[in-house]
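Have a look at the structure below, then the notes.
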Protein chains: 2
Amino acid sequence: MQSFTEENYLKIIYHLSDKTATVQTNAIAEQIQTKPASVTDMLKKLSEKGLVDYVKYQGASLTAKGRDAAIKVVRKHRLWEVFLVDKLNFKWDEVHEVAEQLEHIKSAALVERLDSFLGFPKIDPHGDPIPDKNGKFEDATFTKLIELSVNDFGTITGVSEHSSPYLKHLEKIGLTLGKQIKVVAITEFDGSLEIIYNDTTVNVSREVAKHILITKLHE
Amino acid sequence: MQSFTEENYLKIIYHLSDKTATVQTNAIAEQIQTKPASVTDMLKKLSEKGLVDYVKYQGASLTAKGRDAAIKVVRKHRLWEVFLVDKLNFKWDEVHEVAEQLEHIKSAALVERLDSFLGFPKIDPHGDPIPDKNGKFEDATFTKLIELSVNDFGTITGVSEHSSPYLKHLEKIGLTLGKQIKVVAITEFDGSLEIIYNDTTVNVSREVAKHILITKLHE
DNA sequence: ATTAATTTTTAGATTTGTCTAAATTAAAAG
DNA sequence: CTTTTAATTTAGACAAATCTAAAAATTAAT
Ligand SMILES: [Mn+2]
Ligand SMILES: [Mn+2]
Ligand SMILES: [Mn+2]
Ligand SMILES: [Mn+2]
């Protein structure tokens with residue numbers, strides 16, 4: 001059984017592993033809001049527990065056991081987010097902080113019954129896939145909005161940034177999950193994108209477009 | 001903002017205060033599963049924070065601020081128990097441990113929305129009153145089953161022991177919340193009570209009867 | 001009022017997770 | 001291939017919460 005703190009490290013390492021095979025000390029420190037020296041200490045501990053593979057100065061990666069544990073935390077985080085939005089009427093920008101706490105509640109029965117109560121949802125309020133009981137899930141192949149070209153179109157199926165200010169901004173300009181969008185122009189000056197959905201046109205900065213995930217539609 | 005641990009101390013002191021005005025170090029230690037020396041340390045800390053009144057060797061009591069904090073924890077504990085039973089189909093003997101964790105989740109919005117989602121329940125699955133948003137609740141005047149005499153009758157409205165083995169036992173012999181019962185005899189030999197409800201007669205040991213709370217009916 | 005038993009507190013150590021400052025190692029630049 | 005820079009690790013300290021063993025205070029018993 002892992003501590004609250006250990007679970008946070010495993011989860012962060014898991015998320016950072018999406019991009020690179022081996023995760024650096026400084027990257028973990030930044031995500032977890034701590035100092036590199038503290039990360040080194042924890043990596044040694046997690047390594048001794050058989051949860052991460054760690055070689056001095058070379059970074060860390062999750063073992064099978066560590067990945068299982070991390071996925072369980074992610075599953076709980078996303079199920080609780082669905083609960084908060086679907087059942088308690090929270091907005092999608094209000095749930096992340098509370099889910100950060102709820103994800104550490106220890107009770108296998110609770111997770112399974114919550115999952116059932118919610119109707120076995122496949123994605124959370126930000127479009128992220130929810131691992132099932134066995135940790136399995138389909139990691140959809142997203143394209144970032146910023147990578148689209150003029151005349152490309154598709155559906156908004158996720159966001160890779162969960163902060164409240166960011167999500168509130170998307171809400172305000174109408175770019176929420178499920179919206180069909182099309183890129184009509186890319187501004188020469190600042191690289192921002194001109195997007196059309198329904199009959200509305202909005203301008204999206206590169207910084208914002210970076211975190212919007214699109215499922216491209218063809219033809 | 002209190003730590004997880006501080007909240008547990010406040011809650012225990014609150015519960016122990018029901019019986020006596022000032023709470024002893026050893027009593028807290030026993031409830032919280034720790035050593036008296038640790039309790040002394042914590043009492044000093046809570047005293048400095050203005051949450052308890054504490055005089056060396058004299059025991060402790062909650063300040064108004066401490067009681068407010070304790071009641072907030074109790075409110076959360078009981079609301080979560082209602083959620084687990086009413087929405088997730090847990091049995092009344094399965095919820096206490098999980099609620100011990102959930103009661104420490106920090107989010108005012110979550111508590112209020114959960115309360116609303118549950119329909120503003122007044123009592124939890126064990127018959128305990130749920131404090132409202134402002135910490136107010138009616139503490140009903142219960143009579144312990146063990147204090148009844150032959151021919152006394154009433155309704156089971158609560159239990160003062162939340163452990164799974166105890167609650168499972170009550171379930172098995174049919175003594176659940178809301179049942180109308182009558183004492184038909186008290187056994188000379190061991191003081192156990194002969195109880196009748198509907199058309200069933202059951203024998204209840206003194207140890208079991210001690211924790212069953214009755215609302216007496218007259219005439 | 002002494003003595004004995006119980007309760008409570010202190011003193012000093014331990015564990016978990018963190019930090020700062022200094023020392024190493026690895027990577028980048030020249 | 002040195003030198004410089006950046007990343008990482010060690011060493012030593014610290015805060016929170018706990019423990020054991022010993023000392024002190026309170027309460028109960030003679
Ligand atoms: Mn989240
Ligand atoms: Mn999410
Ligand atoms: Mn309970
Ligand atoms: Mn209860």
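Numbered from 1 within each chain, the chains take letters A, B, ... in sequence-line order. Keep in mind that this is a model prediction, so the values were computed, not measured. Just so you know, these numbers use all the heavy atoms, side chains as well, and skip hydrogens, waters and symmetry mates.
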Study note, to complete from the structure: A:Met42 has its side chain closest, among D:dT18, C:dT18, C:dT9, to C:dT18
Study note, to complete from the structure: From NZ of A:Lys35 across to C1' of C:dT16 the rounded distance in Å is 19 Å
Exercise for review: Indicate whether OP1 or OP2 belonging to C:dT10 is found under 4.0 Å from a side-chain N or O atom of B:Lys56.
Suggested key: yes
Review point. Which residues satisfy the side chain to side chain donor-acceptor pair (under 3.5 Å) test with B:Lys210, sequence neighbours excluded?
Key: B:Glu207
Point to revise | Interatomic distance, A:Glu30 CD vs D:dA6 P [rounded to whole Å] | key: 16 Å
Check your understanding: Just wondering, more than 12 heavy atoms not from A:Lys49 lying within 6.0 Å of its NZ?
Key -> yes
Point to revise | Value in whole Å for how far the P atom of C:dT20 lies from CG of A:Asp41 | key: 13 Å
Point to revise | Each stem that DNA chain D is part of, given as range with range (3 or more consecutive Watson-Crick or G-U pairs, under 3.5 Å) | key: C:1-30 with D:1-30
**Study point:** From B:Leu118 atom CG to A:Lys87 atom NZ, the distance as rounded to the nearest 0.5 Å
**Key:** 12.0 Å
Study note, to complete from the structure: Between CD of A:Gln58 and C1' of D:dT9 the distance, given in whole Å, is 13 Å
Practice item. Name the residue closer to the 5' end of DNA chain C, choosing between A:Ala37 and A:Tyr57 according to the nucleotide with the nearest heavy atom. Key: A:Ala37
Exercise for review: For B:Glu161, enumerate each residue passing the side chain to side chain donor-acceptor pair (under 3.5 Å) test, keeping only those at least two apart in sequence or located in another chain.
Suggested key: B:Ser163
Point to revise | Rounded distance (Å) that lies between atom P of D:dA16 and atom CD of B:Glu48 | key: 11 Å
Revision key, fill the gap. Nearest heavy-atom approach of B:Leu177 to B:Thr157 is CD2-C, 3.8 Å
Check your understanding: Is there a side-chain polar atom (N or O) of B:Thr40 under 4.0 Å from OP1 or OP2 of C:dT10?
Key -> no
Practice item. Ignoring backbone atoms, test whether A:Ser3 places a side-chain nitrogen or oxygen under 4.0 Å from the OP1 or OP2 oxygen of C:dT16. Key: no
Practice item. For A:Ser38, answer base if it contacts any base atom (sugar-phosphate contacts may also be present), sugar-phosphate if it contacts only those atoms, and nothing otherwise; contact means non-hydrogen atoms under 4.0 Å. Key: base
Point to revise | Nearest-angstrom distance from the residue atom CG of A:Leu43 to P of D:dT9 | key: 7 Å
Exercise for review: Check every atom of C:dC19, C:dT8, D:dT8 against the side chain of B:Thr25 and return the nucleotide holding the closest atom.
Suggested key: C:dT8
Check your understanding: Closer than 4.0 Å, any side-chain N/O of A:Asn26 to the OP1 or OP2 of D:dA6?
Key -> no
**Study point:** Under 3.5 Å side-chain donor-acceptor pair for B:Thr187 and B:Ser192
**Key:** yes
Check your understanding: Taking OP1 and OP2 of D:dT10, is either one under 4.0 Å from a side-chain nitrogen or oxygen of A:Lys44?
Key -> yes
Revision key, fill the gap. Per nearest nucleotide of DNA chain C, the residue lying toward the 5' end, B:Ala27 or A:Pro36, is B:Ala27
Check your understanding: So, do B:Phe83 and A:Phe83 have ring centers that fall under 6.0 Å from each other?
Key -> yes
Review point. Expressed in angstrom and rounded to an integer, what is the separation of A:Phe4 atom CZ from C:dT18 atom P?
Key: 11 Å
**Study point:** Close aromatic pair by centroid cut-off 6.0 Å: A:His96 and A:His77
**Key:** yes
Review point. Counting any heavy atom closer than 4.0 Å, what does B:Tyr9 reach on the DNA or RNA strands: base, sugar-phosphate only, or nothing?
Key: sugar-phosphate
Check your understanding: Is there a side-chain polar atom (N or O) of B:Thr34 under 4.0 Å from OP1 or OP2 of D:dC19?
Key -> yes
Exercise for review: Would you indicate, yes or no, if D:dT9 has its OP1 or OP2 atom less than 4.0 angstrom from a side-chain nitrogen or oxygen of A:Tyr54?
Suggested key: yes
